[in-house]
Amino acid sequence: NTEIDDYVKRMKNVLKAVGLFSYEVLKEGNVKVHKPSGGFYLYVDFENFRDQLAKNGVTDSKSMCDHLLKKNHVALLAGKHFHEEDSCLRARLSYVDFDGTEAI
């Protein structure tokens, strides 16, 4: 179906743009992150902020995700769910929480 194919193509372009924008903003903010190559996730590493986060009681990925949700309304999936060490400060970020219709 051409209509569906066109929609999928536009959404891929939107997700690519959002992913690259998110990557650049995080990278400029000194967050360790790999450039996205597809999908709609980034795997972020806040190790550079360990000392600052520790001042707020954040010592691992779960407490970091809880803190970010409570303080910044940002939901991430803790790195411990990806077989990371408990003490890591890594998490998966999904960048699909937007109105795709408006973005197209």
Side-chain angles (χ1 to χ4, degrees):
N1 183 330
T2 303
E3 186 177 329
I4 293 173
D5 292 340
D6 289 344
Y7 176 80
V8 169
K9 183 178 179 180
R10 288 192 312 268
M11 287 309 299
K12 283 182 177 180
N13 288 335
V14 167
L15 289 171
K16 181 177 181 179
V18 172
L20 290 173
F21 175 80
S22 300
Y23 163 77
E24 290 296 336
V25 168
L26 289 163
K27 187 176 159 190
E28 287 174 15
N30 204 26
V31 175
K32 296 177 187 176
V33 59
H34 292 282
K35 192 171 186 177
S37 60
F40 44 85
Y41 296 109
L42 292 174
Y43 202 67
V44 293
D45 183 342
F46 291 90
E47 185 62 39
N48 290 338
F49 301 92
R50 181 171 291 280
D51 292 341
Q52 291 168 282
L53 290 167
K55 292 175 185 175
N56 290 297
V58 174
T59 58
D60 57 34
S61 64
K62 183 183 180 326
S63 61
M64 178 184 71
C65 290
D66 291 344
H67 179 77
L68 287 170
L69 182 59
K70 182 178 178 184
K71 296 292 183 181
N72 302 95
H73 307 286
V74 174
L76 302 173
L77 188 56
K80 71 178 235 154
H81 297 295
F82 299 97
H83 308 287
E84 294 273 8
E85 297 175 13
D86 286 343
S87 63
C88 81
L89 293 176
R90 291 180 286 278
R92 185 174 76 175
L93 177 148
S94 172
Y95 49 85
V96 295
D97 188 18
F98 61 90
D99 184 345
T101 305
E102 287 187 28
I104 292 175

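Please read all numbers here as calculations on a predicted model, not as lab measurements.
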Among the clusters formed by ILVMFWY side chains lying less than 4.5 Å apart, do L93 and V25 turn up in the same one?
no
Between S63 and D60, is any side-chain donor less than 3.5 angstrom from a side-chain acceptor?
yes
By the side-chain hydrogen bond (donor to acceptor under 3.5 Å, both in side chains) test, which pairs, at least two apart or in different chains, include something from residues 32-41?
none
Separation between CG of L20 and OG of S22, rounded to the nearest 0.5 Å:
9.0 Å
To the nearest 0.5 Å, how far apart are NZ in K62 and NE2 in H81?
7.5 Å
E47 bridged to R50 by N-O distance under 4.0 Å:
yes
Minimum heavy-atom distance between K80 and C88, given as atom pair plus value:
N-SG, 4.5 Å
Verify salt bridge (Lys or Arg N to Asp or Glu O under 4.0 Å) between R10 and D6, making sure each step is shown before the conclusion.
CA-CA 6 Å; R10 288 192 312 268; D6 289 344; 5.0 Å; no
Honestly curious: do L89 and L68 fall in one hydrophobic cluster under the side-chain, below-4.5 Å linking rule?
yes
Just verifying a value: how many Å separate Y23 OH and E28 CD, rounded to the nearest 0.5 Å?
10.0 Å
Separation between OG1 (T59) and CE (M64), nearest 0.5 Å, reads 11.0 Å
Just wondering, more than 12 heavy atoms not from D51 lying within 6.0 Å of its CG?
no
Verify the cluster assignment for L69 and V96: are they in a single hydrophobic cluster under the rule of side-chain heavy atoms below 4.5 Å apart?
no
Minimal non-hydrogen separation, A91 against C65, with atom names:
CB-SG, 3.9 Å
Identified side chain to side chain contact (heavy atoms under 4.5 Å, CB included) counterpart of L42 within the set L26, L76, V31:
L26
Linking I/L/V/M/F/W/Y whenever any side-chain heavy atoms sit under 4.5 Å apart, do Y95 and F46 land together?
yes
Can any side-chain N or O of N56 pair as donor or acceptor with the backbone N or O of V58 at less than 3.5 Å?
no
Ring centres of Y43 and F82 under 6.0 Å apart?
yes
Is V33 reachable from V74 through a run of hydrophobic residues whose side-chain heavy atoms are each under 4.5 Å from the next?
yes
